[in-house]
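Just so it is clear: chains get the letters A, B, ... in the order the sequence lines come, proteins before strands, and each one is counted from 1.
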2 protein chains.
Amino acid sequence: MADVQRRRPGETREKLMTAALTLVGKGRHFASIGIREVTRQAGVVPTSFYRHFRSVDDLGLQLVDELGLVLRRMMREARENVLQADKLIEESVGIFVAHALANRNFFMFMAQGLAGESRAVQEGIRSEMRFFASELANDLRRLKLLPHLSDSDLDMTCELVVRTVAFSLTDILSISPEDDYQIELVRKRTTRFLQLILIGAGHWESS
Amino acid sequence: MADVQRRRPGETREKLMTAALTLVGKGRHFASIGIREVTRQAGVVPTSFYRHFRSVDDLGLQLVDELGLVLRRMMREARENVLQADKLIEESVGIFVAHALANRNFFMFMAQGLAGESRAVQEGIRSEMRFFASELANDLRRLKLLPHLSDSDLDMTCELVVRTVAFSLTDILSISPEDDYQIELVRKRTTRFLQLILIGAGHWESS
DNA sequence: ACATTAAGTGAACAACTGTACACAAGACTT
DNA sequence: AAGTCTTGTGTACAGTTGTTCACTTAATGT
């Protein structure tokens with residue numbers, strides 16, 4: 001009945017994934033979302049879900065993959081726009097905040113997943129963060145900043161940077177997106193956090 | 001029927017709260033826990049729940065209060081045992097890790113709540129962290145460490161310290177509690193994070 | 001000593017959940 | 001042109017959920 005199957009392939013799949021993100025964006029926690037709820041939000045019959053995902057956790061895993069793409073886009077933009085080293089931190093934080101606001105639902109999913117129910121999702125997000133940190137370390141190495149640090153100390157520093165920024169996510173996401181003033185506060189504070197860390201790294205002595 | 005009401009007052013209430021924590025400890029996310037599930041775990045009839053809590057979120061709020069007590073106990077122990085300033089970080093991290101392992105469920109609840117479903121719980125945990133950070137700042141002020149920092153810069157530093165430690169929670173809690181080796185790794189890494197931050201604070205110039 | 005309250009119980013119900021099954025029709029392969 | 005695969009649909013069902021209600025009994029206050 002109705003119009004069946006004149007959609008482009010993968011459309012329902014996308015609809016289901018964005019539906020899940022939408023629910024998360026509305027304040028629901030991913031762990032408490034059910035199959036019927038997602039399909040309802042997506043405007044699809046519950047059975048359709050199984051055509052694309054084994055379970056909600058499975059959908060979560062595929063969301064992590066897409067999250068990886070979002071993070072890579074952000075990284076690329078940062079690399080293109082951050083030119084002078086002296087404004088490096090400020091600009092990077094700015095780009096991060098902008099992306100966090102633009103992809104609010106995605107980053108909410110990320111923040112939730114760090115202590116979420118599914119071990120696999122948890123590990124996936126953690127792994128994305130590690131990747132991000134190692135890329136950051138490569139960039140800093142290439143730019144010859146912090147040249148006195150050993151590789152492992154540089155890795156440690158970048159790990160700490162990434163964690164600090166990730167924690168700021170929970171700040172940003174708990175603010176109403178229109179509250180520019182609060183957002184600005186978080187931006188400044190995060191910048192100072194990173195400055196503090198990099199000053200520490202500058203004076204760190206790799207034994 | 002059965003033996004009714006020869007328990008001491010508040011016993012069922014406690015049973016319900018520990019039941020919720022137990023479920024969290026078993027890997028469930030707090031946001032996905034229902035009333036019936038809690039009462040089942042507590043060995044109590046579903047209706048009893050309403051005698052003590054309005055909803056699961058309400059129970060969560062009361063858990064946050066108890067979490068505050070746990071954190072204060074930890075703080076006290078740290079204050080009593082950390083004597084020489086040079087081992088301050090190492091010992092503090094050690095005490096933290098020990099408490100995280102001893103009160104695993106509580107700290108899991110805390111980690112979950114930071115990006116949880118209930119706004120109130122979220123704000124509660126955040127507020128506990130702020131309190132902790134400000135107490136830490138007071139201690140550092142009293143000990144005359146970092147005397148060159150302005151009050152607000154010291155606050156910022158302590159905030160960063162607390163966040164870093166809190167993030168380590170997700171590391172610790174994702175490790176099997178018997179895996180001493182991995183725990184030791186997290187302990188060492190967290191210690192280095194804090195050392196890096198404090199070195200940064202040592203060279204920070206409050207404008 | 002008696003009335004009130006606090007804290008427990010069991011039965012009931014409508015709403016919702018995940019999942020299985022049989023079916024339809026466009027898309028792809030040969 | 002015919003057959004297979006993929007994707008979407010509707011129906012069905014047993015199990016679970018939150019919540020209400022009427023009840024019992026120990027504890028408490030006067």
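- Residue order along DNA chain D, read from the 5' end via each residue's closest nucleotide, puts S48(A) first among R54(B) and S48(A).
- Atom pair E37(B):CD and dC16(C):P shows a separation of 20 Å (rounding to whole Å applied).
- Applying side chain to side chain contact (heavy atoms under 4.5 Å, CB included) to T39(A) and the options V45(A), L16(A), T12(A) leaves one that passes, L16(A).
- For dT19(C), the OP1/OP2 oxygens have a side-chain nitrogen or oxygen of Y50(A) closer than 4.0 Å.
- Evaluation of the side chain to side chain donor-acceptor pair (under 3.5 Å) test over residues 87-108 of chain B, restricted to residues two or more places apart or in two chains, returns E77(B)-H99(B).
- Counting to the nearest Å, the P atom of dT19(C) and the CG atom of D57(A) are 11 Å from each other.
- When rounded to the nearest whole Å, the span between CZ of F53(A) and C1' of dT19(C) equals 17 Å.
- If you take CG of D58(B) and P of dT19(D), they are 12 Å apart, rounded to a whole angstrom.
- Counting only N and O atoms by type, the side chains of D155(B) and S152(B) include no donor and acceptor under 3.5 Å apart.
- Here the nucleotide nearest the side chain of V45(B), chosen from dG10(C), dG18(C), dG18(D), is dG10(C).
- E14(A) places its CD atom 15 Å from the C1' atom of dT7(D), with the value rounded to the nearest Å.
- Going from atom CZ of F49(A) over to atom P of dG10(D) covers 19 Å, rounded to whole Å.
- One finds a side-chain N or O of R40(B) lying less than 4.0 angstrom from the OP1 or OP2 phosphate oxygen of dT17(D).
- Between T47(B) and the phosphate of dG10(C), there is no side-chain N or O to OP1/OP2 separation shorter than 4.0 Å.
- The aromatic rings of F109(A) and F30(A) sit perpendicular, their planes meeting at an angle over 60°, well past the 30° parallel limit.
- Among dT9(D), dT7(D), dA12(D), the nucleotide with an atom closest to any side-chain atom of R36(A) is dA12(D).
- Shown are R79(A), R72(A), R141(A); of these, the salt bridge (Lys or Arg N to Asp or Glu O under 4.0 Å) with E135(A) is made only by R79(A).
- To the nearest angstrom, P of dT17(D) lies 19 Å from CD1 of I33(A).
- We find that NZ of K15(B) is positioned 12 Å from C1' of dA7(C), with the value rounded to whole Å.
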